[in-house]
Amino acid sequence: MAILHVNATQFRKMLAEKRTFLADFYATWCGPCKMLSYVLDDIEKHMGDRIDIVKIDIDQEPELTEAMDVTIIPGLFFIKDGQIADRYTGFLPLERLQPRLEKLLGQEPPTEPEPEENYDMVIIGGGAAGLTAAIYARRAGLKVLILEAFAPGGKLIKTFELENWPGLKSVNGSQLAYDIYEQAMALGTNYLYEKVEGITQKDKLHTVHCSSGRKFTAPTVIIATGTVERLLHIPGEEEMIGRGVSFCAVCDAAFYRNKPVIVVGAGNAAFEESLYLTDFASHITILVRSDRYVAEQIVQDKVLAHPKITVLNWHVPQEVVIENERVAGMRVLDKQSGKVKTLPAKGIFPYIGADPATEFCHDLGITNDKGYLLVKNDMSTAIPGIYGAGDVCDKVLRQVVTATNDGAIAAQSAIHYLRNL
């Protein structure tokens with residue numbers, strides 16, 4: 001009994017043998033899959049002598065993936081005596097996955113009851129800010145729910161390595177994300193994989209509406225949804241997302257082993273991810289629209305000294321070149337010469353900034369003209385009981401360490417608010 005990596009033939013054989021097991025359809029580039037892998041490692045420690053965990057890479061087994069109707073990953077199948085007893089899409093915490101497996105091994109169907117609807121605090125977003133807020137709120141005894149549409153950790157799980165987290169010279173982003181997540185869960189935080197679509201208020205209670213149709217109420221809400229990557233808005237970009245255009249080098253670098261790639265941007269994200277790509281790509285070209293870089297000097301020095309990286313100043317993307325429904329290169333404008341040239345590339349990584357994920361609360365009047373939350377020093381917004389935290393706020397510096405700071409302040413402010421209701 002263990003974690004088994006199987007192909008389609010082996011999977012079907014296990015079904016034919018009427019085995020009972022958990023099947024995980026995943027991809028190496030999938031953030032939620034990466035976080036779920038930590039949970040499955042813990043499941044193996046707790047239940048490895050009683051049940052197999054079967055992992056199927058969807059990129060290696062596309063026909064089986066289609067046959068099992070897997071369109072969103074991670075996709076979990078609870079198999080009982082060779083038959084599908086239940087399935088679940090998305091990240092599932094250990095605290096909810098283990099009881100399902102216990103039921104699978106017993107006589108009950110591996111389902112779980114509907115979550116409670118009322119809380120002291122609902123946190124929208126499970127990144128560093130949201131998780132930190134949950135830790136502080138739970139330590140104060142509040143009943144807390146985190147709603148996250150991606151996976152716990154936010155952008156941390158897209159970051160290969162951090163070198164500016166206090167106390168650690170270097171730490172893997174996804175590991176740090178899971179460590180913070182585990183701390184929050186160990187304190188009794190409730191976590192659900194949900195996308196929020198709106199917030200309404202009545203009698204000092206806020207109702208959070210999810211795309212699934214579920215509704216959750218609480219007197220305090222912390223919005224910690226972070227940001228989403230900004231597009232280049234050039235021909236060919238959107239249609240090639242996932243087929244050569246990527247916003248996560250950590251997720252997708254392996255697809256470009258020994259192939260040329262282009263990175264667009266002059267900040268820390270562009271330069272740091274370029275350094276990560278050097279372990280895979282044959283060459284990395286960084287396009288910068290001027291001759292000024294905003295990345296930290298230590299990162300600039302590493303990039304400019306690396307033999308596999310070329311930085312082209314005064315170059316602006318014009319169009320993604322497509323061949324056989326895949327990225328083949330990029331047409332770029334040399335602003336100094338006025339000429340347009342084509343650079344060969346199999347992968348394109350835009351790192352030109354991000355926009356706040358606040359579509360669900362635009363009508364509340366708590367955002368600025370760019371969509372960022374307007375918050376006071378105590379992280380409160382113009383609406384009593386609603387707070388902001390992390391990159392989603394209008395602020396000077398967006399880093400993991402400042403996100404955790406915001407989460408702590410927002411939680412403490414909400415705690416104080418609740419005590420004075």
Side-chain angles (χ1 to χ4, degrees), residues 31-32 34-35 38 91 123-139 146-187 189 191 222-230 247-251 265 267-276 294-300 302 349 351-358 372-373 375 377 379 387-412:
K34 187 178 298 183
M35 293 302 289
Y38 294 120
F91 175 83
I123 300 171
I124 307 172
L131 291 172
T132 302
I135 291 170
Y136 276 74
R138 280 300 302 149
R139 285 172 59 86
I146 292 179
L147 301 174
E148 170 58 58
F150 186 60
K155 284 186 172 56
L156 267 176
I157 62 176
K158 297 181 180 180
T159 305
F160 172 67
E161 188 175 46
L162 278 81
E163 294 184 340
N164 57 359
W165 182 256
L168 296 174
K169 293 181 179 178
S170 178
V171 60
N172 178 271
S174 61
Q175 184 61 61
L176 178 60
Y178 194 68
D179 288 344
I180 301 174
Y181 164 78
E182 276 197 312
Q183 184 178 2
M185 293 303 104
L187 291 169
T189 302
Y191 178 100
I222 295 178
I223 300 173
T225 44
T227 57
V228 292
E229 292 80 5
R230 192 172 295 157
F247 301 92
C248 179
V250 175
C251 307
N268 275 328
F271 278 41
E272 288 174 349
E273 298 306 274
S274 294
L275 289 169
Y276 177 75
V294 293
E296 295 174 355
Q297 190 61 51
I298 188 172
V299 180
Q300 290 185 38
K302 290 180 180 179
F349 295 83
Y351 288 104
I352 58 170
D355 296 310
T358 53
Y372 287 100
L373 288 180
V375 297
N377 289 338
M379 308 312 294
Y387 302 82
D391 290 2
V392 74
C393 299
D394 182 23
K395 56 192 295 186
V396 175
L397 183 64
R398 293 182 173 86
Q399 295 282 291
V400 179
V401 68
T402 63
T404 57
N405 169 78
D406 292 351
I409 294 173
Q412 287 298 115

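All of these numbers come straight from a predicted model, not from anything done at the bench.
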Ignoring hydrogens, what is the shortest heavy-atom contact between [X] and [Y]? Give both atom names and the distance.
X: A184; Y: A134; result: CB-CB, 4.4 Å
X: L176; Y: W165; result: CD2-CD2, 3.9 Å
X: V400; Y: A128; result: CG1-CB, 3.9 Å
X: G153; Y: A177; result: CA-CB, 3.6 Å
X: M35; Y: S174; result: SD-O, 4.0 Å
X: A129; Y: A224; result: CB-CB, 4.1 Å

Does the side chain of [X] reach to within under 4.5 Å of the side chain of [Y], using non-hydrogen atoms?
X: K302; Y: E296; value: no
X: P32; Y: F150; value: yes
X: I180; Y: I135; value: yes
X: I146; Y: T189; value: yes
X: I157; Y: Y178; value: no
X: L373; Y: P356; value: no

>> Among V375, I223, T358, which residue satisfies the side-chain contact (heavy atoms from CB on, under 4.5 Å) criterion with C393?
In response: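 Of the listed options, the one satisfying the test is V375.
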Kindly check if the number of other-residue, nucleotide or ligand heavy atoms within 6.0 Å of [atom1] ([X]) is above 12?
X: R230; atom1: CZ; answer: yes
X: I298; atom1: CD1; answer: no
X: Y136; atom1: OH; answer: no

Checklist entry - Is there a donor-acceptor contact under 3.5 Å linking the side chains of Y351 and S274? => result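 No, because no side-chain N or O of Y351 sits under 3.5 Å from a partner of the opposite role on S274.
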Spacing of [atom1] belonging to [X] relative to [atom2] belonging to [Y], to within rounding of 0.5 Å:
X: N164; Y: N268; atom1: CG; atom2: CG; answer: 8.0 Å
X: K155; Y: E229; atom1: NZ; atom2: CD; answer: 5.0 Å
X: Y191; Y: L147; atom1: OH; atom2: CG; answer: 9.5 Å
X: L131; Y: I123; atom1: CG; atom2: CD1; answer: 8.0 Å

Note to self: Go through it in stages, so that I can follow the logic: the residues are D179 and Q175, the test is side-chain hydrogen bond (donor to acceptor under 3.5 Å, both in side chains), and I'd like the CA-CA distance, side-chain angles, deciding distance and then a yes or no.
What the structure shows: CA-CA 6 Å; D179 288 344; Q175 184 61 61; 2.9 Å; yes
Any donor-acceptor N/O pair, R398 side chain to D391 backbone, under 3.5 Å =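 Yes, the answer is positive, given that a donor and an acceptor are paired below the 3.5 Å cut-off.
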Do the side chain of T404 and the main chain of T132 share a donor and acceptor less than 3.5 angstrom apart?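 Side chain of T404 to backbone of T132, a donor-acceptor pair under 3.5 Å: no, none is there.
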Check against side-chain contact (heavy atoms from CB on, under 4.5 Å), M185 and E182:
CA-CA 5 Å; M185 293 303 104; E182 276 197 312; 5.7 Å; no
Practice task
Show the numbers, then the answer: is there a salt bridge (Lys or Arg N to Asp or Glu O under 4.0 Å) between D406 and K395?
Solution key: CA-CA 10 Å; D406 292 351; K395 56 192 295 186; 2.6 Å; yes
Ring center gap for F91 and Y181 short of 6.0 angstrom:
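Between Y181 and F91, which both carry aromatic rings, the centre distance is below 6.0 Å.
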